[in-house]
4 protein chains.
Amino acid sequence: MTTRENILKHSLHDFAFEGYGGASMAKIAEKSGITKSTIYSHFSSKEDIYLAVLDQFIHYSAQLWKDEKKRLETLHTESALRETLFNVYKNAQQNRALTIFWHKSMISPPAKIQAEVMDKISLPVQNMKDFLTHVFTKGIKSGEIPSEHNVPYLVNIFFGLVQCITLGHIFDENTDPEKMIEDMFNYFWKGIGK
Amino acid sequence: MTTRENILKHSLHDFAFEGYGGASMAKIAEKSGITKSTIYSHFSSKEDIYLAVLDQFIHYSAQLWKDEKKRLETLHTESALRETLFNVYKNAQQNRALTIFWHKSMISPPAKIQAEVMDKISLPVQNMKDFLTHVFTKGIKSGEIPSEHNVPYLVNIFFGLVQCITLGHIFDENTDPEKMIEDMFNYFWKGIGK
Amino acid sequence: MTTRENILKHSLHDFAFEGYGGASMAKIAEKSGITKSTIYSHFSSKEDIYLAVLDQFIHYSAQLWKDEKKRLETLHTESALRETLFNVYKNAQQNRALTIFWHKSMISPPAKIQAEVMDKISLPVQNMKDFLTHVFTKGIKSGEIPSEHNVPYLVNIFFGLVQCITLGHIFDENTDPEKMIEDMFNYFWKGIGK
Amino acid sequence: MTTRENILKHSLHDFAFEGYGGASMAKIAEKSGITKSTIYSHFSSKEDIYLAVLDQFIHYSAQLWKDEKKRLETLHTESALRETLFNVYKNAQQNRALTIFWHKSMISPPAKIQAEVMDKISLPVQNMKDFLTHVFTKGIKSGEIPSEHNVPYLVNIFFGLVQCITLGHIFDENTDPEKMIEDMFNYFWKGIGK
DNA sequence: AATGAATGAGCGTTCATTCAT
DNA sequence: GATGAATGAACGCTCATTCAT
């Protein structure tokens with residue numbers, strides 16, 4: 001792993017769990033096994049690192065939904081959507097820091113780079129929505145979904161379900177995550193059915 | 001407004017939009033029109049302020065769901081749930097800072113007081129879930145909701161919808177919020193129906 | 001001496017001898033027997049200190065020329081001008097730091113506050129020129145100085161002599177300062193005579 | 001222009017306008033279109049650059065006064081001195097950075113290399129004074145200047161006039177530089193006359 | 001209840017410099 | 001001759017907090 005990647009890894013973690021304001025160059029440097037000054041050989045500022053982490057997430061996300069599109073292409077709409085929810089859950093579990101980083105960037109980006117962050121973050125959101133638009137449109141075409149539904153609204157609502165799941169606040173010790181997702185999807189699917 | 005309330009008001013705003021690490025006593029003092037020292041006449045530390053803001057939210061939330069329970073008591077389950085979503089939306093719109101403060105406290109509380117925050121925050125969550133449990137149980141009793149459903153799962157899923165709506169990320173300039181909420185609820189309601 | 005005065009005293013010294021860029025908050029604090037942070041209880045920034053030192057000089061200078069005017073009012077023009085040069089020399093000797101600070105501020109003020117410094121520094125220059133204008137005008141009226149001379153030019157040239165003397169570069173170990181000033185003045189006085 | 005010359009050029013500029021403490025290797029490198037490291041292929045330290053710039057000035061100055069001596073050799077003393085002032089003015093105008101660098105080096109050289117700088121800077125001063133000594137001595141011999149004058153004092157005073165003019169603070173928007181110099185010289189010349 | 005002065009620790013950043021390539 | 005990566009020290013400044021008044 002290059003120094004740059006190393007810095008990005010630990011920055012992601014601290015931005016996610018401590019927040020932009022709470023993360024510090026000193027801690028990131030220490031965790032990365034280098035000095036504060038060295039960070040500045042690779043990034044011009046703390047903001048620059050944040051944006052680099054964001055770029056990394058965007059790239060990761062773009063690849064993810066591209067792969068997902070290909071992988072779920074052959075499935076029925078119902079299966080594709082159900083699988084999507086489960087995959088989102090697994091990904092969120094495996095990349096906890098990335099998930100939290102994403103959510104925080106959406107809820108309240110660092111004040112000074114708010115505009116730039118908001119601008120960048122719209123890309124992965126769009127990727128996800130494009131994927132969902134593709135699936136829902138196909139579902140209507142194939143007759144699996146009644147044509148009376150408005151695709152953008154379906155997309156946004158399903159996007160909401162995805163967020164619930166990635167955030168994970170709907171899961172508690174008394175509920176089984178998998179059953180929860182299964183139920184959530186079933187209600188939605190039955191809800192939009194004939 | 002007392003000095004204490006004044007401090008809490010501006011603290012809430014900065015904790016919400018700048019994060020715990022990003023908020024500073026100096027800025028809060030300045031916005032409140034007092035000196036830093038004065039803050040320490042009312043609170044013992046920054047953490048103390050955070051917990052006081054949290055307590056305020058808890059009290060506010062407890063009252064809210066108590067009122068909601070009374071207000072929706074006479075309605076059918078369907079109307080009660082639909083109204084709930086709309087009220088949640090209106091409240092989130094009117095109290096943007098409080099909403100963001102709540103979400104951030106859930107996602108990643110200040111590291112040093114994590115345990116205490118997690119402990120406290122479970123209360124408003126429980127208030128909300130108690131309310132929902134009450135409504136869903138009544139709905140099953142009255143036959144409006146099929147008895148095969150598991151109430152805790154219904155509650156958690158509906159709790160998820162509430163969160164989507166308060167966060168507001170499912171709304172974009174191409175969708176009408178009211179219609180979005182209407183659709184979301186309808187899918188859910190139809191989804192859990194017979 | 002108040003803390004503020006103490007800070008200003010050591011700041012003046014370091015700004016003069018190390019330059020604005022060369023002076024450091026840490027050294028000023030140390031010399032003043034306080035911590036770096038304490039400086040910021042009294043000044044908002046390094047630039048702020050610089051401007052405060054400048055203000056102090058301006059006030060000092062204004063008082064100086066006001067006193068000089070009163071003190072030399074009764075003398076003949078020749079004596080008044082001669083005395084002026086000697087007083088300037090004594091003052092420069094006694095307030096070495098202030099003199100150097102003044103010259104550096106004129107030659108090349110701190111880049112970031114250049115405009116503000118240039119603006120402020122014009123005041124003491126004007127004070128001095130006003131004094132000289134007063135003396136030369138009186139000298140022409142009384143007939144001590146031929147009326148064919150142009151007062152502004154006389155003032156600027158004499159202002160130049162003042163600067164030579166304050167800078168002190170014309171003095172070396174082989175020359176007697178007092179005689180040097182005496183000569184310099186005599187040449188000038190004879191030069192503008194009939 | 002060689003890399004070395006390029007570095008020296010930008011160093012001179014920054015030393016002059018930002019001061020030794022205010023100039024930085026990074027900025028000099030950037031302006032020179034090279035990396036910081038490359039500077040160290042040509043100079044061993046920041047101090048080394050400063051001394052190199054100083055050497056360059058010394059060489060430039062030595063050449064200048066040598067040329068001046070030759071050029072003004074055939075003129076009368078009066079013309080030679082008048083021409084000297086005008087040439088000094090033109091040179092100062094054309095080489096603003098060099099002039100400021102020289103003055104700052106005299107007023108307050110970098111603390112760490114003060115001794116070395118003071119030592120070196122005495123050379124161009126001596127060159128100038130040697131030139132002036134030559135002219136004044138010749139003037140006395142030829143009878144143009146009364147023999148009662150003490151040459152070193154004349155030299156130092158004229159050296160003061162030179163400094164006034166190079167510094168340029170005696171010029172303001174209400175005065176014509178050329179006339180100012182003309183007047184200054186005339187007063188001096190008449191002042192030392194019979 | 002409120003303040004001004006003070007502080008040690010830490011902030012993000014830049015400094016001049018080194019070294020292997 | 002020139003570079004990129006790295007560093008320890010220092011930079012100006014802000015942090016949360018204390019204390020006497």
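Residue numbers begin at 1 in each chain, while the letters A, B, ... track the order of the sequences.
- At a threshold of 4.0 angstrom between heavy atoms, the contacts of S24(D) are confined to the sugar-phosphate backbone, with no base atom among them.
- Between K46(A) and I34(C), the residue anchored nearer the 5' end of DNA chain E, judged by the nucleotide with its closest heavy atom, is I34(C).
- For E5(D), the CD atom is densely surrounded, since the number of other residues' heavy atoms within 6.0 Å is greater than 12.
- Note on S37(D): every side-chain N or O is 4.0 Å or more away from OP1 and OP2 of dG4(F).
- For dT7(E), its base never sits under 3.5 Å from the side chain of K36(C) at any donor and acceptor pair.
- Going from atom CD1 of I113(B) over to atom P of dA16(F) covers 13 Å, rounded to whole Å.
- dA9(F) atom C1' lies 15 Å from atom OH of Y40(A), rounded to whole Å.
- Annotation: cation-pi pair K46(D)/Y20(D) present, NZ/CZ under 6.0 Å from the ring centroid and within 45° of its normal.
- Closest to the side chain of M25(A), from the set dT13(E), dC11(F), dA16(F), is dT13(E).
- We find that CD of E18(D) is positioned 14 Å from C1' of dT14(E), with the value rounded to whole Å.
- Residues I39(C) and Y20(A) each lie close to DNA chain E; by heavy-atom proximity, the contact nearer the 5' end of the strand is made by I39(C).
- Pairing of dT21(E), defined by two Watson-Crick or G-U wobble distances under 3.5 Å, is identified with dA2(F).
- Heavy atoms of A23(D) sit under 4.0 angstrom from primed sugar atoms or phosphate atoms, though from no base atom.
- Remark: P of dA1(E) and CZ of F43(B) are 12 Å apart, rounded to the nearest angstrom.
- Applying the 3.5 Å distance criterion, the base of dA2(E) shares a donor-acceptor pair with the side chain of S41(B).
- One finds no side-chain N or O of T3(D) lying less than 4.0 angstrom from the OP1 or OP2 phosphate oxygen of dG1(F).
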Please step through salt bridge (Lys or Arg N to Asp or Glu O under 4.0 Å) for the pair K27(D) and D14(D), ending with a clear verdict. CA-CA 9 Å; K27(D) 278 177 214 149; D14(D) 283 15; over 6 Å; no
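- Atom CD1 of I7(B) and atom P of dA16(F) are 14 Å apart (whole Å).
- When both distances must be under 3.5 Å, the Watson-Crick or G-U wobble mate of dA16(F) is dT7(E).
- Taking atom CD of residue E30(B) and atom C1' of nucleotide dC15(F), one finds them 15 Å apart after rounding to whole Å.
- Between the CZ atom of F15(D) and the C1' atom of dA16(E) there is a distance of 12 Å, given to the nearest Å.
- One can place NE2 of H42(C) at 12 Å from C1' of dT7(E), the figure rounded to the nearest angstrom.
- Take the nearest nucleotide of DNA chain F for E47(C) and for T38(A): the residue whose nucleotide is more 5' is T38(A).
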Just do the side chain to side chain contact (heavy atoms under 4.5 Å, CB included) check on I100(C) and F15(C) with the steps written out, would you? CA-CA 9 Å; I100(C) 292 180; F15(C) 283 146; over 6 Å; no
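- Checked against the 6.0 Å centroid threshold, F101(B) and Y50(B) count as a close aromatic pair.
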